[in-house]
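To start, the structure itself, in structure tokens.
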2 protein chains.
Amino acid sequence: MSGTGKRRSQKERSAETSTRLMNATIDLLHDRGLARTTTPEIARQAGVSRGALTHHFTTREAIISVSVADMLSQTTRDLHRFAEDFIARGGSSDEIVDYIWQMMDDRLFYVTMEYLPEARHNPDFRAELIPTVRDFHAGLDAIWTALAARTGVDPDHTRIVMNATMCLVRGMISQTVLRPNDPAYYQEMLAFWKQQVRQQFPIEAASSQESRRKAGTR
Amino acid sequence: MSGTGKRRSQKERSAETSTRLMNATIDLLHDRGLARTTTPEIARQAGVSRGALTHHFTTREAIISVSVADMLSQTTRDLHRFAEDFIARGGSSDEIVDYIWQMMDDRLFYVTMEYLPEARHNPDFRAELIPTVRDFHAGLDAIWTALAARTGVDPDHTRIVMNATMCLVRGMISQTVLRPNDPAYYQEMLAFWKQQVRQQFPIEAASSQESRRKAGTR
DNA sequence: CATAAGAAACATGCTTGACTGTTTGCAAAA
DNA sequence: TTTTGCAAACAGTCAAGCATGTTTCTTATG
């Protein structure tokens with residue numbers, strides 16, 4: 001289907017199929033929900049047979065937790081890149097809030113909301129996810145620490161404020177499901193929060209007019 | 001009315017069975033999750049037959065959405081009682097944050113996390129829930145408005161701060177699933193937020209004695 | 001370097017189990 | 001006696017896991 005490269009190594013074949021399956025899994029989690037993310041659906045979405053899926057992943061639980069781990073590590077990488085750039089050019093704290101919102105609103109927390117309940121009730125599944133999530137949080141902490149170093153704010157305080165921002169945004173995203181068509185609700189809340197965060201980083205750089213991230217709100 | 005009375009009217013029988021079924025539904029949503037909240041399980045938990053369930057509720061979706069509506073209206077009543085008492089005696093803003101946390105942590109948001117994903121993917125189910133949730137939000141707004149009147153703070157601002165508190169707590173609760181054994185994380189965050197909220201209600205507790213006299217109801 | 005043996009990747013069909021919605025049967029209340 | 005509340009059996013659907021069959025690549029050897 002792809003590059004007409006006729007002869008691919010086993011590793012290449014295998015890796016591509018795995019990737020297709022994991023991407024399909026995340027797509028389905030986001031678009032149709034965990035309950036509808038069945039192994040036949042995943043295989044169909046990935047364009048491979050169900051046998052291929054069972055060959056690569058022993059159980060439904062396995063492909064889901066592996067796919068989630070993949071998604072989270074990708075998110076960590078993206079966030080790390082953003083942080084490096086942000087620190088290098090000296091952005092405003094508003095930008096961070098916007099970035100976090102964007103990141104969560106662009107599938108991350110919607111996918112999270114799909115597997116969290118299952119993790120709560122299924123000890124094996126939860127046990128598989130906890131290390132993954134711990135890594136994610138460690139990545140976040142590293143970024144907050146770097147941010148603190150740049151702004152000169154106490155690292156512990158920075159961590160608390162940024163983690164609170166993450167939690168606020170999680171709660172806001174969860175609201176979008178049953179509170180649609182109320183953009184003011186989200187707009188006002190984000191504006192309020194940005195102001196609060198600004199007060200925590202008083203020294204705020206005198207630069208960065210050019211940074212224009214879209215503050216996507218519904 | 002209940003218990004040893006052999007002869008119960010149809011209405012009483014019917015109402016009790018309905019209530020048992022709705023309570024069982026919420027219990028199961030909380031304890032075992034939406035996917036495991038099957039109609040046979042609900043009937044078993046309620047101690048009635050599956051036929052009784054289908055007699056009272058036409059479909060699985062129906063009993064779930066009705067049960068959720070019941071839970072939310074009960075929560076609204078409880079919160080309203082708290083607010084009346086709070087306003088009457090003049091409490092601290094810290095108390096409100098604590099109450100919201102307690103309320104969410106005591107099943108409310110765990111149950112919410114169960115049905116939110118389904119609502120996101122199932123338009124009919126979502127359509128049934130949206131009015132219910134709108135009522136809940138209206139109830140909250142009324143309480144925030146009363147609170148604003150008591151503290152003399154701008155009602156719009158109060159609403160934003162309180163809604164943000166709700167969202168923050170929602171996000172925190174969602175974290176508890178895969179971030180257990182980290183009490184400091186939640187403790188610090190709540191402490192930080194209480195301090196922020198305190199700053200939004202600066203006049204705090206100036207008039208706790210006289211406002212008790214004024215609002216002498218209850 | 002040509003090729004055959006074997007391993008890895010993939011495909012298909014079957015079995016079991018569970019759930020939902022429906023229908024039919026029956027006893028207690030009106 | 002009629003209706004209401006409940007119970008039990010039934011039919012249709014579908015996913016998960018497994019077992020067996022087929023293709024694609026790898027490699028060792030003559």
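Only this structure's heavy atoms are used, side chains among them; waters, hydrogens and symmetry mates stay out. Please read all numbers here as calculations on a predicted model, not as lab measurements. We name chains A, B, ... by the order of the sequence lines, and we start the count at 1 in each one.
By the 4.0 Å N-to-carboxylate-O rule, A/R36 lies too far from A/E41 to be salt-bridged with it. Taking 4.0 Å as the cut-off between side-chain N and carboxylate O, B/R120 and A/E114 count as a salt-bridged pair. A/R159 has a carboxylate O that lies under 4.0 Å from a charged side-chain N of B/E188, or vice versa, which qualifies the two as a salt bridge. A salt bridge links B/D27 with B/R107; the closest basic N to acidic carboxylate O contact falls under 4.0 Å.
Checked by atom type and distance alone, the side chain of B/Y186 pairs as donor or acceptor with a backbone atom of B/Q175 at under 3.5 Å. Side chain of B/H121 to main chain of A/D31: a donor-acceptor pair is present (N/O by atom type, distance under 3.5 Å, no hydrogens or angles).
Between A/R50 atom CZ and D/dA16 atom C1' there is a gap of 6 Å when expressed in whole angstrom units. Between the C1' atom of D/dC6 and the CD atom of B/E12 lies a distance of 17 Å, rounded to the nearest Å. What separates CD1 of B/I42 from P of C/dA18 is a distance of 17 Å, to the nearest Å. As a whole-Å value, the separation of A/E16 CD from D/dT24 P is 15 Å. Across the protein-nucleic acid pair, B/R44 atom CZ and D/dC6 atom P stand 20 Å apart, rounded to whole Å. Nucleotide D/dT22 holds its P atom 17 Å from the CZ atom of A/R13, rounded to whole Å. Between A/E41 atom CD and D/dA16 atom C1' there is a gap of 15 Å when expressed in whole angstrom units.
Note on B/T38: only backbone sugar-phosphate atoms sit closer than 4.0 angstrom, heavy atoms only; bases stay farther off.
Contacts with DNA chain D (heavy atom under 4.0 Å) in residues 53-69 of chain A: A/T59, A/R60, listed by number.
The side chain of B/T39 approaches C/dT20 more closely than any other nucleotide in the set D/dG5, C/dC10, C/dT20.
Mapped onto DNA chain C by nearest heavy atom, B/G51 and B/K11 fall at different nucleotides, with B/G51 at the one closer to the 5' end.
The line from CD1 of B/I143 to CZ of B/R81 is 11.0 Å long, rounded to the nearest 0.5 Å.
For C/dC10, the OP1/OP2 oxygens have a side-chain nitrogen or oxygen of A/T17 closer than 4.0 Å.
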